2 protein chains.
Amino acid sequence: MNLKQLSELLGLSQTTVSRALNGYPEVNEATRERVLRAVKETGYRPNKAAQRLATGKAGSIGLVMPTAPGDYSDVHFGEFLTGLGEEAVRHDFHFVIMPADANDEMGALRRLAISGDVDALFVAYMRGHDPRVPLLKSLSVPFLVHGRSFGSEPDYPYLDIDNEGAFYDATKLLLQLGHTRFALMNGPEPLDFAIRRKRGVIAALAERGLELPEDCISHTPMTDEPGQAAMERFLQLPEQPTAVLCSSTVLALGAIRAVTQAGLKLGEDISLIAHDDVLPHLKPENFSVPLTTTRSPLRAAGVRIAQRLIGTIKQEGPFPEQELWKTELIVRASTGAAPSR
Amino acid sequence: MNLKQLSELLGLSQTTVSRALNGYPEVNEATRERVLRAVKETGYRPNKAAQRLATGKAGSIGLVMPTAPGDYSDVHFGEFLTGLGEEAVRHDFHFVIMPADANDEMGALRRLAISGDVDALFVAYMRGHDPRVPLLKSLSVPFLVHGRSFGSEPDYPYLDIDNEGAFYDATKLLLQLGHTRFALMNGPEPLDFAIRRKRGVIAALAERGLELPEDCISHTPMTDEPGQAAMERFLQLPEQPTAVLCSSTVLALGAIRAVTQAGLKLGEDISLIAHDDVLPHLKPENFSVPLTTTRSPLRAAGVRIAQRLIGTIKQEGPFPEQELWKTELIVRASTGAAPSR
DNA sequence: GTGAATTGTCAAAGCGCTTTGGAAACACGT
DNA sequence: ACGTGTTTCCAAAGCGCTTTGACAATTCAC
């Protein structure tokens, strides 16, 4: 069933039917009713490709799905996507996901933009001096960045959380508890959030004249195994750290395993603060020692990003071009006073 | 830059350029070279919407993304998607993801099929007597089901793992170890895999004249919290089970917490076998007591499903319409002889 | 009852591509 | 010179929709 057939069936022109469907005012209410009823009966659906060709609007948001296994954890990706989807479904938008391995992100992005398949692009997992920013700017497709790109002029639309502030505050808390030997379990080094979190820690330490030694920093994928390995390494250091900051609750999972296996007590021998993206299957309050966290729900970020993106496409703006969300510091049992050794 | 402009630039007709690009034989190699070079220089990309309208082929696979939070764990969804993507990228396919909440899956599926946006559909999280199967059959779009629908004639294309066999074997193992009191931590009751896994357990028990009491079965979302709650409930039963089967390593995570908190020893007081979808961040061999599992990589299933779907679209078949993958039973430390009480 | 303003409808052009059905252009043997 | 094949290219017709510009039909003011 297509427009032509439907219009013939109704004895109307395609124009009228099309207008009736798209809510144009210049069509009689009675006629519109009639059309709508016929649509229901016949199950007619406009062909999206044709619609797209005619309007230039696709009703979809493009994103490049990283396929490199283990490059970053897909737990976070899935959770974020759920947020995006939650909002998209309200506007009858969908996503065109183009999978691409890490070394062809740029190409995939470009193809997606030029294909006419999407009205807007979304990118995440930003790195420092990320080459995708200039690419996107040159692409004449609206876009929105999740995160930022350290070192680039922040003149593009983004939504980010205050990574530096979060880890600054967390470090401050640990300092107040008397800790002096710190370690940081971070995500992959090039990633923007990793850069900023490290800066936050270093800044807070610097205020007390402390430093973060290189061997007290780990950069690993955000899964539990590397977390365990990293913590094991820290625990073997001659100057064992007593305060550990951790970029993800997933990493913390492994870290805690290492602490337990070493016969140490979390919140006593070792204090730990992790960043919590609020993954539904991993609640820091349920850890055997509930975890102190810097919290910022990933899913909510997804919802907001979809909102802004769809709003931009529908020209419903104006939205703020740059948003920086504060995180919450939630104190639980994994942080305690520094052991008096 | 569009075809017309490009052809004018080259002094050729649109036909010839189009043919050159799509590898038709009736065009001079020299001409083709010339065209290809021009494409590189101008960065021309065919408009997908137009291509789609003309050919009826979309180069994409549609799937409905469940947005209902907690309905089933998105961890599994993300991992599976990665597998799909891994294969899709090799064929320059992409996915159109239509988010939909649980009560509009059918509508979303239908819309996707009729929209002309996709050349094939994929569905998962099958339930018993799933109404989506008849819908898909009526839709005249090729489709592939991940899992099966218990109670429906298995005459549709699917890829499933042998859930019944897996849990039958696992139960057998525990029986051999002398266990007689069993419990099953399952996924949501309507889901096909839950139905079959339960059957597997019951079948194995029946061979020894044993039964699985109703209060030794839990049906919960596949996340750790409900897993913990379920196990806590089991442990308070007058006839405490000693052997527990678990539908996911994520559930097991919670279950083990409950066991530990009750002061019991995994692999001694309680034997546990979980199904392992091989989630990259949750390795059963790294659990503090390594977990005995029935293994079947979800990602590999994703790859295979993409292969079949794309092959079908490109008419490269024939593929087997039905595939049933065996699982591996991997014995680790979480299973031991029944305690002699 | 007239002309102007408003309303409801339509025919046709176009969006950018593929594909059908020819038609030039060239080669070849006779 | 002619017919016969091949090769290489093209004009034009869709694909299913939206949208422009125009035209009947209706309403209104006076």
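Since this is a predicted model, take the numbers as computed values, not measurements. A, B, ... follow the sequence lines: proteins, then strands. Residue 1 opens every chain.
Looking at A:D117 and B:K48, no side-chain N of the basic residue comes within less than 4.0 Å of a carboxylate O on the acidic one, giving no salt bridge. The residues B:D155 and B:K137 are annotated as salt-bridged, a charged nitrogen and a carboxylate oxygen being separated by less than 4.0 angstrom. A salt bridge links B:R308 with B:E323; the closest basic N to acidic carboxylate O contact falls under 4.0 Å.
Between B:N22 atom CG and D:dC9 atom P there is a gap of 16 Å when expressed in whole angstrom units. For the pair A:R45 CZ and D:dC17 P, the computed distance is 12 Å after rounding to whole Å. The interatomic distance linking A:L6 (CG) with D:dC17 (P) rounds to 9 Å, in whole Å. Atom CE in B:M1 sits roughly 15 Å away from atom C1' in C:dC17 (whole-Å rounding). Between A:L21 atom CG and D:dG16 atom C1' there is a gap of 13 Å when expressed in whole angstrom units. Atom CD in A:Q5 sits roughly 8 Å away from atom P in D:dG16 (whole-Å rounding). Rounded to an integer number of Å, the gap from B:R19 CZ to C:dG22 C1' is 11 Å. The separation between A:K57 atom NZ and C:dC15 atom P is 16 Å, rounded to whole Å.
Note: B:H146 and B:Y158 fail the aromatic proximity criterion, with ring centroids not under 6.0 Å apart. Aromatic ring centroids of A:F80 and A:F122 lie under 6.0 Å apart.
Between B:N28 and D:dT8, a side-chain N or O to OP1/OP2 separation shorter than 4.0 Å is present. Taking only side-chain nitrogens and oxygens, A:Q51 comes nearer than 4.0 Å to OP1 or OP2 of D:dT18. At D:dA11, none of the side-chain N or O atoms of B:T15 fall inside 4.0 Å of OP1 or OP2 (strictly under the cut-off). Phosphate contact (OP1/OP2 of C:dC17, side-chain N/O of B:S18, threshold under 4.0 Å): absent. Side-chain nitrogen and oxygen atoms of B:T31 include at least one within less than 4.0 Å of the OP1 or OP2 phosphate oxygen of D:dC9. In this model, the phosphate group of C:dT7 is not approached by any side-chain N or O of A:Y24 to a distance below 4.0 Å at OP1 or OP2. In terms of phosphate contacts, A:T16 brings a side-chain nitrogen or oxygen within less than 4.0 Å of OP1 or OP2 of C:dC10. Taking only side-chain nitrogens and oxygens, B:N47 never comes nearer than 4.0 Å to OP1 or OP2 of C:dG16.
Taking every side-chain heavy atom of B:A50 into account, C:dC17 is the closest of C:dC17, C:dA11, D:dC17. Residue B:Q14 places its side chain closer to C:dT18 than to any other of C:dT18, C:dG16, C:dC10.
With DNA chain C read from its 5' end, the first of the two nearest nucleotides for A:L53 and A:E29 is the one closest to A:E29. When each of B:G11 and B:T55 is assigned the nucleotide of DNA chain D with its nearest heavy atom, B:G11 is the one assigned upstream, toward the 5' end.
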